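Ligands are counted one by one from 1 in listed order, and the atoms in each one are counted from 1 as well. Predicted model, so just to flag it, every value in this text is computed and none were measured.
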Amino acid sequence: MSAHKIIIAIDGYSSCGKSTLAQQMAKKLGYSYIDSGAMYRAITLYFIRNNIDLKNHDEILVALGNIHLTFEVDEMTGTSEMHLNDENVERQIREMLVADKVSDVAAIKEVRSFAVAQQKRMGKKKGIVMDGRDIGTTVFPDAELKIFLTADPAVRVQRRYEELFKTDPHISLEEVRHNLEIRDYIDTSRAESPLRKADDAIVLDNTNLTREEQLDIALEWVADRATNKSLIPDPSPKGKGGIA
Ligand code: DC
């Protein structure tokens, strides 16, 4: 579809479906997919396991020096999975223990510099879809396509609840809502590259869209950007997005 490979940055609040959209797009386009949140989660897991004091910057720097992060594609599922020092931690990083701490860890300056440097390297060859909170603003400010994904908060809570329930049937909707509210607050109010929409990002509200519908919309934008045409916002009353 695309005339040349581009960088696609997808940002938004927790549980908006960023990784679903990013994975769909990467598969369709033959691009690589990088879940930048998984990197912050793996760092958090390492900090928890090693009792790192989040206020001790020397301790944090030493810990970061001992962390090696890689994404490995699972042959069976075709999905890219997070490895921390050669251990597959894809399951552990999705647990509440990590979710409860990850925003605090991701707010630390040294942690962000460490993760962002790796993320920038991953984009050198283009042909990449990366999702997170600061991809369009800090990691790839020159990305050819920036999408800011949004969804109704109640829908986000329900989606995350259903996802977590698969591995933890004791989880409550209230617990999930509380965790999302706190993470939204920390992610948007922290001093280091807080979550915000890049000025040139396109808003895509997927509250009432199926996965297929949101993919079709995003792929139209890719085709537009990859052939260097100007992007025309969709002013339709269907609310399928447009330049905010
Ligand atoms: O996308 P996620 O829920 O897996 O992200 C986990 C946390 O990491 C989230 O609370 C915010 C943080 N994060 C970040 O600060 N910057 C990114 N680029 C990605 C995630």
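Comment: D134 engages R112 in a salt bridge, judged by a side-chain N to carboxylate O separation of less than 4.0 angstrom. Between R133 and D11, none of the side-chain N atoms (NZ, or NE/NH1/NH2) sits under 4.0 Å from a carboxylate O, so this pair counts as no salt bridge.
For Y185, there are no ring-ring contact (aromatic ring centres under 6.0 Å, His included) partners two or more places apart in sequence or in a different chain. Contacts of E87 classified as side-chain contact (heavy atoms from CB on, under 4.5 Å), with partners at least two apart in sequence or in another chain: R49, V89, Q92.
Residue pairs meeting the salt bridge (Lys or Arg N to Asp or Glu O under 4.0 Å) criterion with at least one partner in residues 70-84, sequence neighbours excluded, are absent.
Each of N206, L204, I217 was evaluated against L21; a single residue qualifies, L204, per the side-chain contact (heavy atoms from CB on, under 4.5 Å) test.
For a heavy-atom separation below 4.0 Å, the residues in contact with ligand 1 are S36, G37, Y40, R41, V102, S103, A106, R112, G132, R133, D134, I135, R160, R183, D187, R190.
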